Protein chains: 2
Amino acid sequence: MAGTKRSSETFVTVDCVVFGLDSDLKVLLIQRGGEPFAHSWALPGGFIHADESIDAAAQRELSEETGLKSVFLEQLYTFGEVDRDPRGRVISVAYFALVKLSDHKVRAATDAADVGWFSVTDLPTLAFDHEQILYAALTRLKGKVTYQPIGFELLPKKFTLSQLQEMYEIILDRSLDKRNFRKKILGMELLEELEEVQQDVAHRAARLYRFDERKYKRLTKGGFVFEI
Amino acid sequence: MAGTKRSSETFVTVDCVVFGLDSDLKVLLIQRGGEPFAHSWALPGGFIHADESIDAAAQRELSEETGLKSVFLEQLYTFGEVDRDPRGRVISVAYFALVKLSDHKVRAATDAADVGWFSVTDLPTLAFDHEQILYAALTRLKGKVTYQPIGFELLPKKFTLSQLQEMYEIILDRSLDKRNFRKKILGMELLEELEEVQQDVAHRAARLYRFDERKYKRLTKGGFVFEI
DNA sequence: CCAAAAGTGTTCACGGTACACCCATGC
DNA sequence: GCATGGGTGTACCGTGAACACTTTTGG
């Protein structure tokens with residue numbers, strides 16, 4: 001768009017806030033190659049193609065940047081301050097995504113020069129208004145995990161109750177009572193108890209569970225409301 | 001944009017879902033003059049100007065259509081299916097708004113040929129994907145009134161507890177217990193009890209109350225969470 | 001046998017829910 | 001005086017919160 005911009009034109013991009021969970025809540029950032037904001041860290045994203053929906057654009061960008069398909073992806077908010085992009089009028093539809101870090105090699109991304117996972121508590125300066133977008137995504141995530149079972153998207157398919165609890169503690173930034181947490185989560189009957197336990201741990205191995213999407217959908221129809 | 005469209009161009013509009021409360025939940029619609037969808041009912045909206053933010057565009061459109069300023073207005077969702085507009089690629093940022101019907105002459109709008117309030121339970125066929133947008137707004141409204149005190153935006157500044165309760169009953173589409181409702185809402189200490197009662201009613205006049213925005217903000221800082 | 005995390009119940013306080021009658025006013 | 005909504009309190013139940021010790025396993 002560099003040379004061809006006409007003053008009346010509006011460009012629309014998607015930007016993705018991709019969260020992953022480690023011992024920390026992490027966000028995927030890329031390092032920009034060209035101007036503006038060359039070498040700055042930014043959210044992965046790009047222009048929407050003429051023949052794709054916004055959702056499809058977000059999915060495409062995400063898959064191009066991370067190699068991921070079919071992750072949890074949800075539209076967040078649309079940012080459109082007049083001067084948010086020095087190149088001209090650019091409106092950005094922001095998405096937030098949750099991925100299972102356990103499924104991929106975090107290393108590959110972390111070691112690369114142009115893409116990396118950053119702890120949300122220790123972020124670099126970001127390009128454009130991406131800090132604002134990230135903040136909005138974080139707020140949405142914190143709000144949403146408490147009343148929708150989306151946190152599972154951050155965990156491996158099979159997980160222990162302690163991992164599940166820790167995930168909530170990290171995201172909500174407060175500690176939870178172990179017994180109450182277990183009572184509540186098991187009482188919902190959303191988890192399938194597997195005949196399997198952790199491997200290679202230097203202490204008693206914990207039982208593994210799996211989130212049962214079908215049960216959740218069935219319960220939801222009956223008026224059940226998930227809540228942590 | 002009729003003659004000047006280039007295939008690579010994207011246009012961005014705002015559409016507003018404006019709710020008002022009568023004995024019913026109402027939505028403001030306009031009747032389209034030109035193609036496409038001439039004579040169809042549609043949500044008020046229009047193109048974003050190059051020199052205004054999206055929020056400003058929504059506010060401007062709303063004020064142009066209804067004469068209203070400084071009403072409750074919040075971004076809802078951005079709709080961008082490739083074929084949602086027969087004229088080309090048009091992305092729409094939808095807003096939802098809450099207005100006090102009591103403050104204006106509903107009549108003027110209702111009698112006009114090109115603009116009118118429709119009960120959400122009895123809507124005409126809408127242009128574009130506006131039915132989908134309206135449905136999304138309704139869902140958001142129903143969800144949001146229960147945990148944020150936005151319902152007051154639909155009522156006159158001074159209202160009775162019965163009016164307040166009725167508002168929730170209409171939006172949530174379920175009946176509430178009068179004593180429990182009063183206990184709860186008064187217990188929050190968000191309402192200022194006025195030294196004033198209803199006028200011109202053929203029965204005992206009810207006390208009037210006013211929502212105290214300041215108290216709410218103060219409480220919110222202390223971790224208070226509004227909930228119906 | 002020691003370290004580390006897994007796993008497990010009970011008690012108490014509070015808030016949600018259910019429920020029915022008298023009161024004030026205008027006509 | 002009658003019709004119409006305004007206004008009020010109590011009892012029960014279920015859920016959330018606080019809280020500590022024993023068990024299992026690997027090293």
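Model, not experiment: these values are computed from the prediction. Every heavy atom of this structure was used, including side-chain atoms; hydrogens, water molecules and symmetry mates were not. Every chain is numbered from 1, with letters handed out A, B, ... down the list of sequences.
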Problem set entry | Candidates B/Gln163, B/Glu192, B/Gln198, B/Glu196 - the one meeting side-chain hydrogen bond (donor to acceptor under 3.5 Å, both in side chains) with B/Lys158 | B/Glu196
Problem set entry | Spacing of A/Glu166 atom CD relative to C/dA6 atom C1', expressed in whole Å | 14 Å
Please list every donor-acceptor pair under 3.5 Å in which a side-chain atom of residues 203-210 of chain B meets a protein atom from a residue at least two apart or in another chain.
{"from": "B/Arg207", "atom 1": "NE", "to": "B/Glu193", "atom 2": "OE2", "distance (Å)": "3.2"}
{"from": "B/Arg207", "atom 1": "NH1", "to": "B/Leu194", "atom 2": "O", "distance (Å)": "2.7"}

Exercise. Between residues 215-228 of chain B and DNA chain C, which residues have a heavy-atom gap below 4.0 Å?
Worked result: none
For this session: Have a look at A/Lys184 and say if it touches a base, only the backbone sugar-phosphate, or nothing, with a 4.0 Å heavy-atom cut-off.
Result: sugar-phosphate
Problem set entry | Pairs flagged by side-chain hydrogen bond (donor to acceptor under 3.5 Å, both in side chains) wherever residues 211-226 of chain B is involved - sequence neighbours left out | none
Problem set entry | Length of the line joining B/Leu176:CG and C/dA18:P, which is rounded to integer Å | 11 Å
For this session: May I have all residue pairs that pass ring-ring contact (aromatic ring centres under 6.0 Å, His included) and include part of residues 126-154 of chain B, sequence neighbours excluded?
Result: B/Phe37-B/Phe128, B/Phe128-B/His130, B/Phe152-B/Phe159, B/Phe152-B/Phe211
For this session: Can you tell me the distance, in whole Å, between the CD1 atom of B/Ile185 and the P atom of D/dT8?
Result: 15 Å
For this session: May I ask you to check whether A/Phe226 and A/Phe224 place their ring centres under 6.0 Å from each other?
Result: no
Exercise. Mapping A/Asn180 and B/Arg179 onto DNA chain D by nearest heavy atom, which one lands closer to the 5' end?
Worked result: B/Arg179
Exercise. Among residues 196-207 of chain B, which residues get a heavy atom nearer than 4.0 Å to DNA chain C?
Worked result: B/Val201, B/Ala202, B/His203, B/Arg204
Problem set entry | A/Ser119-A/Thr121 side chain donor-acceptor pair, cut-off 3.5 Å | yes
Problem set entry | Quiz item: A/Lys183 side-chain donor-acceptor pair to D/dT15 base, under 3.5 Å | no
For this session: List in numerical order all residues of residues 154-165 of chain B for which some heavy atom is under 4.0 Å away from an atom belonging to DNA chain D.
Result: B/Ser162
Exercise. Are there more than 12 heavy atoms of other residues, nucleotides or ligands under 6.0 Å from atom NZ of B/Lys144?
Worked result: yes
Exercise. Of all heavy-atom pairs between B/Tyr77 and A/Asp55, which one has the smallest distance, and what is that distance?
Worked result: OH-OD1, 4.1 Å
